[in-house]
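Only one structure is covered here, and it is reproduced in the block below.
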Amino acid sequence: MSLNRMVALFNEWLWQEQYWLPPGIRWQDIEMKDKDGRFPLPRDLLITLPLAFAFIALRYVFERIIAIPFSKYLGVKDRIRIRAPSVPKLDAFYEHNQVVSLGRQCGLSQRKIQTWFRHRRNQDRPSNTKKFCEASWRFVFYLVSFTAGLGSLIDTPWFWDHKECWRGYPKQPVADAHYWYYILELSFYLSLLLSVSVDVKRKDFKEQVVHHIATIFLIGFSYSANYVRVGTLVMLVHDSSDFLLESAKMFHYAVWTTTCDSLFVIFAVVFLVTRLVVFPCRIVHTTMVVSREFFQPFFGYYFFNVLLLVLQALHIFWAYLILRMVYKFVFTGKVERDERSDEESEVDEHEEEEPEGKEGERNCEQRKETINSKLTSLANNCVLNNLTNQRNLNSRLRKAR
């Protein structure tokens with residue numbers, strides 16, 4: 001079988017009407033003329049891949065020209081870390097995560113090996129400047145996206161009446177503003193997925209990857225199946241709290257504690273309301289219940305709602321982390337570090353290493369002698385003070401007599 005024939009069979013299977021359209025509707029029924037407006041087609045999404053790489057390049061320029069100088073202006077300071085000295089054998093074991101017989105091979109004590117690995121691990125941790133740059137890039141995008149999205153949707157009928165999301169479905173034209181809203185959002189999340197290996201890794205790294213993948217599938221499928229109206233509402237709800245979170249992170253790295261705490265409280269309220277109330281009670285209810293007033297369920301209906309429920313599960317997980325931070329804020333009076341953040345080794349970077357061998361034993365004996373002499377001196381002082389006090393007391397008694 002030729003390659004062209006295989007591709008034709010795949011396209012014929014992929015674009016079967018029962019997958020994408022409600023029962024009783026065919027592709028010919030939703031064809032539009034140019035004067036009727038733009039109808040969303042899957043091939044429109046091909047432009048998102050080059051745009052994703054353009055976002056990565058733009059982010060690189062933004063971080064170096066704007067974010068880094070701005071971080072210095074706000075007073076972001078990187079933690080000073082002790083660089084691990086170059087020990088080829090230790091480097092090899094560190095890269096392969098194997099620690100076997102290192103003491104005999106390198107001629108180092110267990111204490112020195114542990115210290116080396118601690119310094120080497122902290123050396124790979126991202127600096128506050130890197131975290132600030134990442135947060136500022138996302139803040140700018142989410143703020144612009146939310147502002148533009150709200151401006152393009154506030155005058156639409158489905159923004160106020162969610163039944164309008166399905167009236168006339170699937171033959172619904174897409175405005176140019178909503179087309180670009182979709183394309184830029186999808187391109188941005190593609191860029192986040194492509195750069196996830198070099199971004200700051202947090203405790204919810206796996207959940208973030210699942211979120212990006214689910215979001216990409218959700219945006220791509222909803223556009224191809226012309227769920228654009230409800231899809232724009234989903235994106236707007238997510239953007240409404242994301243820029244608040246990123247701004248709180250920026251001020252956290254700059255140690256503007258009061259500003260960070262205030263923004264975090266506002267973010268927590270907006271997140272809990274939009275993700276745990278508005279999203280499930282309005283948007284998910286619209287896609288699962290209200291839509292059935294206009295068409296019978298089909299594959300696209302179930303697939304779209306499953307993706308929305310995956311997002312809702314992630315919302316519940318993140319709401320749990322946020323409520324933990326709110327609990328700490330209420331009882332300690334300040335916002336603790338990001339529950340998802342990676343942390344440094346909890347050791348004093350300037351601690352002295354324990355001496356070893358005969359020299360170590362000699363130093364230990366000297367310390368013991370010093371401590372004993374200080375205790376003896378303290379005891380003598382106490383005895384002298386007691387004797388002095390006793391003499392003073394006896395002299396006073398004689399004078400009284």
Side-chain angles (χ1 to χ4, degrees), residues 55 59 62-63 66-67 70-71 74 76 126 128-150 184-185 188-189 191-193 195-196 199-212 214-215 218 233-280 283 310-330 334-343:
F55 267 120
R59 172 182 173 178
F62 171 85
E63 289 182 352
I66 299 177
F70 189 52
S71 69
L74 292 180
V76 177
N128 285 337
T129 300
K130 178 178 175 58
K131 294 177 182 179
F132 180 90
C133 292
E134 179 182 315
S136 61
W137 166 249
R138 297 189 184 195
F139 165 76
V140 169
F141 177 82
Y142 290 136
L143 179 61
V144 172
S145 177
F146 173 73
T147 305
L150 182 62
L184 294 178
E185 282 274 349
F188 180 75
Y189 280 104
S191 71
L192 292 183
L193 187 61
S195 61
V196 72
D199 284 342
V200 177
K201 290 183 175 60
R202 295 183 170 86
K203 293 178 182 178
D204 65 343
F205 173 76
K206 294 180 180 178
E207 289 81 4
Q208 283 283 0
V209 173
V210 172
H211 174 268
H212 294 340
T215 302
L218 184 63
L233 298 179
V234 173
M235 294 189 295
L236 187 69
V237 165
H238 282 75
D239 292 340
S240 64
S241 61
D242 286 343
F243 75 92
L244 292 170
L245 173 62
E246 301 303 332
S247 62
K249 288 181 183 179
M250 291 166 59
F251 287 106
H252 170 72
Y253 300 138
V255 200
W256 289 35
T257 307
T258 303
T259 306
C260 171
D261 292 352
S262 302
L263 286 171
F264 174 77
V265 171
I266 298 172
F267 158 74
V269 173
V270 174
F271 182 94
L272 295 175
V273 171
T274 56
R275 306 293 180 92
L276 299 186
V277 179
V278 176
F279 186 79
I283 295 179
V310 169
L311 284 183
Q312 184 58 34
L314 293 172
H315 296 166
I316 295 172
F317 170 75
W318 283 318
Y320 164 73
L321 297 181
I322 291 170
L323 290 174
R324 281 182 57 183
M325 296 178 70
V326 171
Y327 176 83
K328 292 178 182 179
F329 175 72
V330 171
K334 64 178 181 178
V335 176
E336 297 290 335
R337 64 177 179 83
D338 189 350
E339 287 285 348
R340 306 173 300 145
S341 296
D342 196 5
E343 56 184 323

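The chain is numbered in sequence order, starting from 1.
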For the residue pair Phe62 and Ser136, establish whether any side-chain heavy-atom pair is separated by less than 4.5 Å.
yes

Give the minimum heavy-atom separation between Val234 and Phe279, together with the two atoms involved.
CG1-CE1, 4.0 Å

Just jot down the side-chain contact (heavy atoms from CB on, under 4.5 Å) partners of Ser195, sequence neighbours excluded, or say none.
Arg59, Val198, Asp199

Rounded distance [0.5 Å steps], CD1 in Ile322 versus CZ in Arg324
12.5 Å

Distance-minimising heavy-atom pair for Thr129 and Val76
N-CG1, 4.1 Å

Below 30° counts as parallel, above 60° as perpendicular, anything between as tilted: where do the rings of Phe55 and Phe141 land?
perpendicular

Partners of Ala319 by side-chain contact (heavy atoms from CB on, under 4.5 Å), sequence neighbours excluded?
Phe271, Leu272, Leu276

In short, Leu150 meets Leu236 closest at the heavy-atom pair N-CD1, 3.6 Å

Partner residues of Val255 under the side-chain contact (heavy atoms from CB on, under 4.5 Å) criterion, sequence neighbours left out:
Thr257

Rounded to the nearest 0.5 Å, the NE2 atom of His252 sits from the CG atom of Asp261 at a distance of 10.0 Å

Would you call the rings of Phe188 and Trp137 parallel, tilted or perpendicular, taking 30° and 60° as the class edges?
tilted

Can you measure from CZ (Arg138) to OG (Ser145) and round to the nearest 0.5 angstrom?
14.0 Å

My understanding is that only residues two or more places apart in sequence, or in another chain, count here; which of them pass side-chain hydrogen bond (donor to acceptor under 3.5 Å, both in side chains) with Ser240?
none

Here the pair of heavy atoms bringing Ala135 nearest to Tyr253 is CB-CE1, 4.4 Å

Salt-bridge contact Glu134-Lys130 (side-chain N to carboxylate O under 4.0 Å):
no

Can you check side-chain contact (heavy atoms from CB on, under 4.5 Å) on Val326 and Phe264, steps first, answer last?
CA-CA 9 Å; Val326 171; Phe264 174 77; 3.9 Å; yes

Sequence neighbours excluded, which residues qualify as side-chain contact (heavy atoms from CB on, under 4.5 Å) partners of Phe70?
Tyr73, Leu74, Phe132, Met250

Under the side-chain hydrogen bond (donor to acceptor under 3.5 Å, both in side chains) rule, collect the residues that match up with His238, sequence neighbours excluded.
His315

Residue pair Tyr189, Leu192: steps toward the side-chain contact (heavy atoms from CB on, under 4.5 Å) verdict:
CA-CA 5 Å; Tyr189 280 104; Leu192 292 183; 4.0 Å; yes

With side-chain contact (heavy atoms from CB on, under 4.5 Å) as the criterion, how do His211 and Phe317 come out once you've worked through the C-alpha distance, each side chain's angles and the decisive distance to 0.1 Å?
CA-CA 12 Å; His211 174 268; Phe317 170 75; over 6 Å; no

Measuring from Ile266:CD1 to Ser247:OG, what's the distance to the nearest 0.5 Å?
8.5 Å

Using 0.5 Å steps for rounding, measure from the CD atom of Glu246 to the OG atom of Ser241.
10.0 Å

Residues which pass salt bridge (Lys or Arg N to Asp or Glu O under 4.0 Å) with Asp239, listed by chain and number, not counting sequence neighbours
none

Specify the closest pair of heavy atoms between Ala248 and Cys260, including all atoms of both residues, with the distance to one decimal.
O-SG, 3.5 Å

Run the numbers on Leu143 and Phe139 for side-chain contact (heavy atoms from CB on, under 4.5 Å), then give the verdict.
CA-CA 6 Å; Leu143 179 61; Phe139 165 76; 3.8 Å; yes

Separation of Thr258 OG1 from Leu263 CG (nearest 0.5 Å):
11.0 Å

